[in-house]
There are 2 protein chains.
Amino acid sequence: MATPPQTARSERTRAALRKAATVRFLAQGVEGTSAEEIAADAGVTLRTFYRHFTSKHDLLFADYDSGLQWFRKALSERPAGEGVVASVQAAIFAFPYDVDAVTQIANLRIDALDPSRIVHHMRQVQSDFAHALLDHLHRLHPEGDELGLTVAARSLTAAVFAAMEVWLRAPERSLPELARLSREALDVLEPTFRHY
Amino acid sequence: MATPPQTARSERTRAALRKAATVRFLAQGVEGTSAEEIAADAGVTLRTFYRHFTSKHDLLFADYDSGLQWFRKALSERPAGEGVVASVQAAIFAFPYDVDAVTQIANLRIDALDPSRIVHHMRQVQSDFAHALLDHLHRLHPEGDELGLTVAARSLTAAVFAAMEVWLRAPERSLPELARLSREALDVLEPTFRHY
DNA sequence: CGAAGTTTCGTCACTATTGACGAAACGCGG
DNA sequence: CCGCGTTTCGTCAATAGTGACGAAACTTCG
């Protein structure tokens with residue numbers, strides 16, 4: 001498994017792997033790069049590569065965790081008393097659409113990636129997002145009934161990702177447009193979960 | 001890829017692989033069975049195995065497609081004018097919880113399976129379910145706005161799977177209980193999507 | 001500094017999946 | 001029944017991903 005780095009040494013190895021991967025990916029595409037090449041460039045064995053990243057594609061989304069953490073934190077810092085929907089909308093709007101992140105994704109030419117990999121990753125993100133939201137709801141309503149909270153967390157998440165789905169098909173794919181769609185999607189559920 | 005069988009011959013091979021897999025899986029567990037053993041038992045090569053099933057775990061859920069088709073059909077046969085929520089609830093209630101299917105899953109001792117495989121599969125099912133529902137909504141409202149319909153389809157799907165999630169954690173894991181939870185979860189969204 | 005404990009690596013051996021290519025089996029018209 | 005186009009297979013060769021085990025590197029403590 002991808003053991004979370006412990007010592008300085010592994011941190012160095014990890015960095016080397018990341019750098020090597022980025023270079024190769026950009027130069028010859030993701031699918032055109034073998035895990036072995038990356039490992040070799042980084043001066044380690046293939047086996048070691050897999051000690052740091054669960055998969056080759058893991059490298060692509062290696063930074064995504066920080067985004068999730070940011071989201072969790074943003075939610076927890078929302079003023080008490082604010083409804084969940086408003087909190088989620090606020091968090092989404094405040095999200096630091098880091099230029100690096102966006103550029104990087106763009107540079108990697110998503111189309112060149114095996115679509116199924118992206119789909120897979122998106123589902124993972126969606127699942128994590130739902131969990132984060134459920135945790136948030138649990139915090140707000142320690143006594144809330146499980147089914148209700150779960151439905152709320154998952155429905156709201158579904159709305160956000162529905163917005164994303166529509167956005168991906170839309171002609172104008174700008175960040176503001178995505179934000180607008182997200183807000184609109186969440187507005188639909190606002191009355192339903194107003195009480196949370 | 002798993003080419004959909006064309007001729008009688010491939011149908012035979014497919015059946016042989018299925019049978020061999022079932023025997024092995026039941027006897028030594030899924031993870032304890034290699035794709036090669038299955039292929040050998042069926043009298044074919046490993047490569048041929050992969051011509052019929054995209055993966056070893058595919059065999060486990062090979063029948064699931066028929067369930068999805070059933071659901072799509074059930075939705076399309078609901079009386080015009082009935083709300084989506086009611087339609088979905090009706091479809092879920094009418095679902096032929098085939099004893100074979102349930103028993104099979106039970107026999108395979110889900111716990112013995114690598115959980116991530118099941119999670120992966122569940123996400124796929126959820127995605128397909130959402131698409132089926134979106135198609136249904138498109139049929140009912142050819143002119144409906146995309147975002148609204150997508151949010152509805154995904155939210156309702158989320159509710160159903162939220163019920164499943166709660167059910168999986170609950171002490172009583174009976175079919176009627178799952179149905180009850182599903183109905184209750186969908187009831188939450190009923191007012192929101194009553195107009196569809 | 002040096003021994004003991006911990007973490008990271010390399011090596012070996014396997015299973016899972018997939019692309020390419022040619023041979024064998026099948027199904028149909030003559 | 002035979003020839004021919006189609007489909008299914010087998011063989012070969014790679015890459016992806018993992019478990020087990022022992023050696024090397026790093027830390028901590030005396």
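These numbers come from a predicted model, not from an experiment. Letters A, B, ... mirror the listed sequences (proteins, then strands); counts begin at 1.
At a threshold of 4.0 Å, the pair A:R169-B:E146 does not count as salt-bridged, since none of the basic side-chain nitrogens sits closer than that to a carboxylate oxygen.
For B:Q69, the CD atom counts as densely surrounded, since its 6.0 Å shell holds more than 12 non-hydrogen atoms of other residues, nucleotides or ligands.
Rounded to whole Å, the distance from CG on B:L17 to C1' on D:dC9 is 12 Å. Put simply, NE2 on B:H57 is 11 Å from C1' on C:dT15, counting in whole angstrom units. Atom CG of B:L60 and atom P of C:dA16 are 13 Å apart (whole Å). Distance B:L46 CG to D:dA13 P: 16 Å, rounded to the nearest Å. A straight line from CG of B:D58 to C1' of C:dT18 spans 15 Å, rounded to a whole angstrom. A:F53 has its CZ atom 13 Å from the P atom of D:dG17, to the nearest Å. Rounding to whole angstrom units, OH of residue B:Y50 and P of D:dA16 are separated by 16 Å. Between the P atom of D:dA14 and the CZ atom of B:R47 lies a distance of 16 Å, rounded to the nearest Å.
Of the candidates D:dT11, D:dT8, C:dT11, C:dT11 carries the atom nearest the A:T45 side chain, counting heavy atoms from C-beta on. Closest contact between the side chain of A:T48 and the listed nucleotides D:dT18, C:dC9, D:dC9 involves C:dC9. If you check D:dG17, C:dT18, C:dG10 against the side chain of A:K56, the one that comes closest is D:dG17.
None of B:E82, B:E77, B:R78 except one satisfies the side-chain hydrogen bond (donor to acceptor under 3.5 Å, both in side chains) rule with B:S87; the exception is B:E82.
In terms of phosphate contacts, A:T13 brings a side-chain nitrogen or oxygen within less than 4.0 Å of OP1 or OP2 of C:dC9. A sub-4.0 Å separation between OP1 or OP2 of D:dT8 and a side-chain N or O of B:S10 is present.
Contact between B:T33 and B:K56 at its shortest, heavy atoms only, is O-NZ, 2.9 Å.
Checking B:R12 against B:S34, the closest nucleotide of DNA chain C that is more toward the 5' end is the one next to B:S34. Projected onto DNA chain C by closest heavy-atom contact, B:F49 and B:R9 fall at different nucleotides, the more 5' of which corresponds to B:F49.
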B:Q126/B:T157 under side chain to side chain contact (heavy atoms under 4.5 Å, CB included): CA gap, chis, key distance, verdict: CA-CA 7 Å; B:Q126 173 161 9; B:T157 300; 3.7 Å; yes

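Donor-acceptor pairing under 3.5 Å, judged by distance alone, is absent between the side chain of A:R51 and the base of D:dG17.
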